[in-house]
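Everything on this sheet refers to the single structure shown next.
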Amino acid sequence: MANGLDIDGLALFHSSAYEKIFGTKKKTQKQSKQRLSVVKITNKESHRSIYRAYRGASITGLKEGMVVLSPISLQELSSPNSLDVKFSVTKGC
């Protein structure tokens, strides 16, 4: 949990990340598209991937290029012995 939020099924990003991931500004998207913004997060070493709903967030310490995931999401992506894992984030379908 981040700041008391239930984030299972979500990927929380700095508000500036939307345009970099989706190639357009969020405010120019139709309301229905905004609610369905999905990202694909891939572990660069194991190539495991998960899909999560994109959410912009204002969380202290959350910087551009960072993502907040639930412990369950991290478990799905990471190898048990990995401490420092590199991820790539792309637009999902």
Side-chain angles (χ1 to χ4, degrees):
M1 284 199 200
N3 291 346
L5 298 173
D6 179 11
I7 61 169
D8 194 33
L10 299 176
L12 303 179
F13 292 88
H14 188 272
S15 58
S16 65
Y18 191 90
E19 187 173 4
K20 290 180 182 176
I21 296 169
F22 296 98
T24 185
K25 292 186 181 197
K26 188 168 185 168
K27 63 184 173 185
T28 61
Q29 292 288 313
K30 292 181 180 177
Q31 191 67 19
S32 61
K33 292 255 187 199
Q34 287 182 14
R35 285 182 268 142
L36 299 174
S37 300
V38 175
V39 292
K40 179 182 179 183
I41 303 169
T42 305
N43 179 324
K44 288 185 176 182
E45 293 177 8
S46 70
H47 303 289
R48 293 179 185 173
S49 296
I50 59 172
Y51 292 86
R52 295 293 181 264
Y54 169 94
R55 290 292 181 269
S58 295
I59 299 173
T60 304
L62 181 61
K63 298 176 184 164
E64 201 171 317
M66 296 173 79
V67 60
V68 177
L69 297 170
S70 70
I72 293 169
S73 295
L74 289 172
Q75 231 175 6
E76 289 179 40
L77 280 169
S78 302
S79 302
N81 299 327
S82 295
L83 296 175
D84 185 26
V85 180
K86 303 290 185 207
F87 299 103
S88 67
V89 177
T90 56
K91 182 170 83 169
C93 52

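Numbering starts at 1 and runs along the sequence shown. Computed from a predicted structure; not experimentally measured.
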- Task: Evaluate the ring planes of Y54 and F22, with Trp represented by its six-membered ring, and classify them as parallel (under 30°), tilted (30 to 60°) or perpendicular (over 60°).
- Result: perpendicular
On a heavy-atom basis, which atom in [X] and which in [Y] lie closest, and how many Å separate them?
{"X": "S73", "Y": "R52", "value": "OG-NE, 2.8 Å"}
{"X": "L69", "Y": "A11", "value": "CD2-CB, 3.8 Å"}
{"X": "H47", "Y": "K44", "value": "CE1-O, 3.5 Å"}

How many angstroms lie between [atom1] in [X] and [atom2] in [Y], if you round to the nearest 0.5 Å?
{"X": "T24", "Y": "K91", "atom1": "OG1", "atom2": "NZ", "value": "9.5 Å"}
{"X": "L12", "Y": "S58", "atom1": "CG", "atom2": "OG", "value": "10.5 Å"}
{"X": "I59", "Y": "S15", "atom1": "CD1", "atom2": "OG", "value": "11.0 Å"}
{"X": "F13", "Y": "I21", "atom1": "CZ", "atom2": "CD1", "value": "4.0 Å"}
{"X": "S70", "Y": "E76", "atom1": "OG", "atom2": "CD", "value": "7.5 Å"}

- Message: Side chains of T42 and R48: any donor to acceptor distance under 3.5 Å?
- Response: no
- Task: Would you check if the side chain of S78 reaches a backbone N or O of L74 as a donor-acceptor pair within less than 3.5 Å?
- Result: yes
- Sub-3.5 Å donor-acceptor pair from the side chain of N43 to the main-chain atoms of F87, do we have one? no
- Query: Can you find a heavy atom in the side chain of I41 that is under 4.5 Å from one in the side chain of L77?
  - Reply: yes
